[in-house]
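Before any comments, here is the structure.
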Amino acid sequence: MGFFIALLSGALMSVQGVFNTDVTKSTSMWVANCWVQITAFAVCLIAWFFTGRESFGKLFAMDHKYALLGGVIGAFITYTVIKSISSLGPAKSALLIVIAQLAVSYLIELFGLFGMEKVDFEWRKLIGLLIAVAGIIIFKK
């Protein structure tokens, strides 16, 4: 099930990036970004209302307070996706974004950052990442 959810997530990110870039053309970068964040907040608030409200009090009792910066990072993700799609197009942007996600995620796992379980280095994972980079070069040409 996680495999299909990940595929859906990637597809939604691609569509959202194109939509957000279009909104930016009609408004401005920060108006579009505000709209994205406000509408996401509204959807989350409604979903939270219907799925149980008992967990909100635990939010600020977290051990890792830095994890609360996810929304701040989300604003910059929206900004950078819009900028990359407007200059590179959706396909090239998606390829580069995914490569960056793979590389950073692997480093997070390797060093056990942000409370993630540390994993051992594996050459096959590095080779897979390099093959993905080669795929970007081939796609670009």
Minimal heavy-atom distance between A67 and M62, with the atoms involved, is CB-CE, 3.6 Å

How about N33 and W30: do any of their side-chain heavy atoms sit closer than 4.5 Å?
yes

Sequence-distant partners of N20, side chain to side chain donor-acceptor pair (under 3.5 Å), two or more places apart:
none

So do the side chains of V18 and D22 get within less than 4.5 Å of each other, counting heavy atoms only?
no

Please assess L45 against W48 for the test side-chain contact (heavy atoms from CB on, under 4.5 Å), listing each intermediate value before the final yes or no.
CA-CA 5 Å; L45 195 60; W48 173 66; 3.8 Å; yes

Nearest non-hydrogen partners of S93 and S84, listed with the distance
OG-O, 2.8 Å

Rounded to the nearest 0.5 Å, what separates atom OG1 in T21 from atom CD1 in I82?
5.5 Å

Within a strict 4.5 Å, meaning less than it, do heavy atoms of the I46 and F49 side chains meet?
no

What are the two closest heavy atoms between I77 and T80, and how far apart are they?
O-OG1, 3.0 Å

Counting C-beta onward and ignoring hydrogens, is there a side-chain heavy-atom pair between Q16 and V81 closer than 4.5 Å?
no

Test of understanding: clusters of I, L, V, M, F, W, Y form through side-chain heavy atoms closer than 4.5 Å, transitively. Do L69 and F76 belong to the same one?
yes

Compare all side-chain heavy atoms of L8 with those of F4 and state whether any distance is below 4.5 angstrom.
no

Spatial distance of atom NZ (K83) from atom CG (L88) [nearest 0.5 Å]
11.5 Å

Could you state whether Y66 and V72 fall into the same hydrophobic cluster, counting links through intermediate Ile, Leu, Val, Met, Phe, Trp or Tyr residues with side-chain heavy atoms under 4.5 angstrom apart?
no

Under the side-chain contact (heavy atoms from CB on, under 4.5 Å) rule, what do W35 and V31 come out as? Steps first, then yes or no, please.
CA-CA 6 Å; W35 177 253; V31 168; 5.6 Å; no

What's the separation between atom CG in L107 and atom CG in L102, rounded to the nearest 0.5 Å?
11.0 Å

Residues that, via side-chain heavy atoms closer than 4.5 angstrom, fall in one hydrophobic cluster with V23:
none

Inspect the surroundings of CZ in F3 and state if more than 12 heavy atoms from other residues, nucleotides or ligands are less than 6.0 Å away.
no

Same cluster (ILVMFWY, side-chain, under 4.5 Å), V104 and Y106
yes

Compare every heavy atom of K65 with every heavy atom of A61, then report the nearest pair and how far apart it is.
C-NZ, 3.8 Å

Which pairs would a plain distance check flag for residues 108-135, meaning a side-chain donor or acceptor within less than 3.5 Å of a matching protein atom at least two apart in sequence or in another chain?
unit_1 : atom_1 : unit_2 : atom_2 : d
E122   : OE1    : R124   : NE     : 3.0
E122   : OE1    : R124   : NH2    : 2.9

Under 3.5 Å: donor-acceptor pair, side chain of S14, backbone of G10
yes

For L95 versus I136, what's the shortest heavy-atom pair and its separation?
O-CD1, 3.6 Å

